[in-house]
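What follows is one structure encoded as structure tokens, with my remarks underneath.
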Amino acid sequence: MVREAAENDLNGLLHLYKQLHNSKVTINLDELLKLWSQIVQDNNHHVIVVEEDGKIVSSCVCVIIPNLTHNQQPYALIENVITDEAYRKKGLATKCLDYAKEIAIKKKCYKIMLLTGSKKNATFQFYRNAGYNSEDKTAFIQWI
């Protein structure tokens, strides 16, 4: 089942995020709960999850960004696309991205952008198959 995350999904998301860049999610618990509450209450911040067997197994984040150009149409940014290693190759991340696209359309976004840190051709092909291209824009990142 694909849906937006609820307040009680935090632990499941954190467990899944451990596989994202093989990184630990460490933060002060009070700060984490405050941040999670802020995210859940933000109408422009959408954490999309796929739940199977009572477990969150895939997710992405879709943030809608208000915009002064393009007739004041917002745009969407996709981040943190992840599927549990045991559930990959089942189309679950595609379901998340499709759900994000539905949100972007409802919010009248004129484009959806995403970045990937992967250098794997299979990852590039996955995003192309999902309707994204890497020809229109060039991404630059400055880490802070």
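- Between Trp36 and Glu7 the shortest heavy-atom distance is NE1-O, 2.8 Å.
- Taking the side chain as every heavy atom from C-beta outward, Phe126 and Lys120 never approach each other to under 4.5 Å.
- Val57 and Tyr99 fall within the same hydrophobic cluster, where Ile, Leu, Val, Met, Phe, Trp and Tyr residues are linked whenever their side-chain heavy atoms come under 4.5 Å apart, directly or through other members.
- Arg3 has a carboxylate O that lies under 4.0 Å from a charged side-chain N of Asp9, or vice versa, which qualifies the two as a salt bridge.
- Hydrophobic clustering, with ILVMFWY side chains joined whenever heavy atoms are under 4.5 angstrom apart, keeps Ile105 apart from Tyr110.
- Met1 and Ile48 fall into different hydrophobic clusters, where Ile, Leu, Val, Met, Phe, Trp and Tyr residues are linked whenever their side-chain heavy atoms come under 4.5 Å apart, directly or through other members.
- We find the OG-CZ distance between Ser58 and Arg88 to be 9.0 Å, quoted to the nearest 0.5 Å.
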Begin from the C-alpha positions of Gln72 and Asn67 and carry the test side chain to side chain donor-acceptor pair (under 3.5 Å) through to its verdict.
CA-CA 5 Å; Gln72 295 75 54; Asn67 184 33; over 6 Å; no
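- Taking a 6.0 Å sphere around NZ of Lys90, one finds it holds more than 12 heavy atoms contributed by other residues, nucleotides or ligands.
- Here the closest heavy-atom approach between residue Thr83 and residue Ala93 is recorded as OG1-CB, 3.5 Å.
- When all heavy atoms of Pro74 and Pro66 are compared, the closest pair comes out as CB-CA, 4.2 Å.
- Between the side chain of Gln19 and the backbone N or O of Glu85, at least one donor-acceptor pair lies under 3.5 Å.
- For NZ of Lys111, the number of neighbouring non-hydrogen atoms (other residues, nucleotides, ligands) closer than 6.0 Å is greater than 12.
- With sequence neighbours left out, Lys107 forms a side chain to side chain contact (heavy atoms under 4.5 Å, CB included) with Asn44, His46, Ile64, Ile103, Cys109.
- Leu115 contributes atom CG, which lies 7.5 Å from atom CE of Met113 (distance to the nearest 0.5 angstrom).
- Of all heavy-atom pairs between Val50 and Leu92, the closest is CG2-O, 3.7 Å.
- Taken to the nearest 0.5 Å, the OH atom of Tyr75 stands 4.0 Å off from the CD1 atom of Ile65.
- For His45, the NE2 atom is densely surrounded, since the number of other residues' heavy atoms within 6.0 Å is greater than 12.
- Put simply, CD1 on Ile39 and CG on Leu10 are 9.0 Å apart, with the number rounded to the nearest 0.5 Å.
- Looking at every heavy atom in both residues, Val81 comes nearest to Cys60 through CG2-CB, 3.8 Å.
- With a 4.5 Å cut-off on side-chain heavy atoms, Asn28 and Leu32 do not count as touching.
- Both Tyr17 and Val63 belong to a single network of hydrophobic side chains, linked directly or stepwise wherever heavy atoms of I, L, V, M, F, W or Y lie under 4.5 Å apart.
- At a threshold of 4.5 Å between non-hydrogen side-chain atoms, the residues Leu114 and Leu77 do not count as touching.
- With rounding to the nearest 0.5 angstrom, the CD atom of Gln73 is 13.0 Å from the CG atom of Leu68.
- Both Val61 and Val49 sit in one connected hydrophobic cluster of ILVMFWY residues. Membership requires side-chain heavy atoms under 4.5 Å apart, directly or through other members.
- At a threshold of 4.5 Å between non-hydrogen side-chain atoms, the residues Ser59 and Asn80 do not count as touching.
- Note that CG of Leu97 is 9.5 Å distant from SG of Cys62, once rounded to the nearest 0.5 Å.
- Within the 4.5 Å cutoff, the side chain of Glu4 has no heavy atoms near those of the Val47 side chain.
- Smallest separation of non-hydrogen atoms from Asp84 and Leu16: N-CD1, 3.4 Å.
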Distance-only donor-acceptor hits, side chain of residues 128-144, under 3.5 Å, sequence neighbours excluded:
from	atom 1	to	atom 2	distance (Å)
Asn129	OD1	Gln125	NE2	3.0
Asn129	ND2	Gln125	O	3.4
Asn133	OD1	Glu135	N	2.9
Asn133	OD1	Asp136	N	3.0
Asn133	ND2	Asp136	OD2	3.0

